[in-house]
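Taking it in order: structure first as structure tokens, then the write-up.
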Amino acid sequence: MTIELPPGLPPWLAVAADPPEETIETSGKARALRRIMARTATLRQAAVLVLFGGSPEADQRAPGGLPADAEVLLTQRAATMRQHRGQVAFPGGEVDAADSGPIATALREANEETGLDPSSVEPFAVLPTLFVSPSRFDVTPVVAYWRHPGGVRVVDESETERVARVPLARLLDPANRFVVESPLGYRSPAFQVDGMLVWGLTGGILSGISKFAGWDQEWDQQDIRDLEAALAAVGMTL
């Protein structure tokens, strides 16, 4: 769902405002499982903030006009968390009864996790809800532009281990991209950057947006690595 675009939204980012649902790379098994579980259980609702920063001017020499300073905000969950421990994710979390919608949820959670100022964020798209089977969450990605990025930090060390503004040039470098496969056969686009492995829902969203927006460089999609080994390479475990 596209919302009203902020005035002056960079052209390299505006193209990502309304990607078709099938561009967001998630597991077909997860979609099938969601249909089954929705008939037997109440699914929990959540939202995440997919926040991009960077120059308003496109770089005509780069794929999709992506400027050299383009970045995305990511967090790494604390290793002590019960679910998704140590996993790299977008800021976000469960819907609160007082939230007016997914945008409000994503901004509130991002503020609580990273200390960012919600007034500095310009949401411009709400993507189709995606199902995360291990936690039974329906997750709504909210895509936004950070025109004037401010300071961010780990607010609660019991929940978040790291907050990072990751350069998209490094994230999308073909040398840092591959596919991971879990012991159960689940496959996901993956990025290894700044000592982090980005995969799963987060990797799928980033991969889908980048492909649709034209930011991709050619990378080896046949490079399929064992998920546990890829996590171990950055000091993480399942």
Side-chain angles (χ1 to χ4, degrees), residues 24-27 30 43-53 71-96 99 102-103 105-116 118 121 123 125-144 146 149 152-168 170-172 176-177 180 182 186-210 227-228 230-231 234-238:
I24 305 303
E25 300 179 32
T26 57
S27 165
L43 302 181
R44 303 162 69 188
Q45 301 300 310
V48 295
L49 184 65
V50 186
L51 182 57
F52 295 104
E71 61 184 15
V72 64
L73 182 65
L74 296 175
T75 67
Q76 186 167 7
R77 292 171 65 85
T80 54
M81 294 291 288
R82 185 177 62 179
Q83 292 182 324
H84 310 298
R85 60 185 180 273
Q87 194 161 337
V88 178
F90 301 113
E94 191 166 6
V95 170
D96 187 278
D99 293 338
I103 293 176
T105 299
L107 292 177
R108 175 183 55 76
E109 286 283 341
N111 170 259
E112 292 175 1
E113 290 180 12
T114 74
L116 70 77
V121 175
V126 177
L127 302 186
T129 296
L130 303 168
F131 180 58
V132 181
S133 55
S135 52
R136 301 186 179 184
F137 270 118
D138 262 346
V139 179
T140 302
V142 175
V143 190
W146 214 5
V152 288
R153 66 190 191 283
V154 172
V155 175
D156 185 347
E157 294 183 355
S158 68
E159 292 190 2
T160 306
E161 181 174 302
R162 182 179 179 186
V163 174
R165 292 165 50 181
V166 178
L168 286 175
R170 285 211 296 271
L171 185 84
L172 299 176
N176 296 331
R177 300 191 66 176
V180 291
S182 77
Y186 167 78
R187 287 187 179 183
S188 163
F191 308 80
Q192 185 173 315
V193 59
D194 294 350
M196 299 182 292
L197 182 71
V198 185
W199 65 286
L201 181 74
T202 307
I205 291 172
L206 284 171
S207 180
I209 289 177
S210 176
L227 174 59
E228 293 182 333
L231 287 168
V234 294
M236 298 168 58
T237 61
L238 274 176

Steps toward side-chain contact (heavy atoms from CB on, under 4.5 Å) verdict (V166, V198): CA-CA 11 Å; V166 178; V198 185; over 6 Å; no
Is there side-chain contact between L107 and V142, with heavy atoms separated by less than 4.5 Å? no
Sequence neighbours excluded, the answer for side-chain contact (heavy atoms from CB on, under 4.5 Å) partners of Q76 is V88, E161, R162, M196, M236
Sorted by chain and number, sequence neighbours left out, side-chain contact (heavy atoms from CB on, under 4.5 Å) with V152 holds for L73, T114, L116, W146, V163, R165
Any heavy-atom pair between the side chains of T160 and V155 that's under 4.5 Å? no
Point-to-point distance, once rounded to the nearest 0.5 Å, from CD of E113 to CZ of R77: 7.5 Å
Going through the checks in order, is the side-chain contact (heavy atoms from CB on, under 4.5 Å) test met by L168 and V72? CA-CA 7 Å; L168 286 175; V72 64; 3.9 Å; yes
Taking every non-hydrogen atom, the tightest pair across I205 and P141: CD1-CG, 3.8 Å
Spacing of L171 atom CG and Q192 atom CD [to the nearest 0.5 Å]: 11.5 Å
I need the minimum non-hydrogen distance between V143 and F52, along with the two atoms involved. CG1-CE1, 3.9 Å
Rounded to the nearest 0.5 Å, what separates atom CG in L197 from atom CD in Q87? 9.0 Å
Trace of the side-chain contact (heavy atoms from CB on, under 4.5 Å) decision for T140 with T129: CA-CA 4 Å; T140 302; T129 296; 3.0 Å; yes
Working to the nearest 0.5 angstrom, can you tell me the gap between R170 CZ and N176 CG? 9.0 Å
Under the side-chain contact (heavy atoms from CB on, under 4.5 Å) rule, collect the residues that match up with D99, sequence neighbours excluded. V95, D96, A104, T105, R108
What is the minimum heavy-atom distance between W199 and A190, and which atoms define it? CB-CB, 4.2 Å
Flag side-chain contact, heavy atom, 4.5 Å: D138 against Q45: yes
Return the minimal non-hydrogen interatomic distance between A78 and E157, and the atom names on each side. CB-O, 3.7 Å
For T202 and F90, run side-chain contact (heavy atoms from CB on, under 4.5 Å): C-alpha distance rounded to whole Å, both residues' side-chain angles, the deciding distance at 0.1 Å, then the answer. CA-CA 7 Å; T202 307; F90 301 113; 3.6 Å; yes
Side chain to side chain, L127 and I209, heavy atoms closer than 4.5 Å: yes
Which heavy-atom pair separates F137 from A46 by the least distance, and what is that distance? CD2-CB, 3.7 Å
What one should report as the nearest heavy-atom pair of R177 and S207 is NH2-OG, 3.3 Å
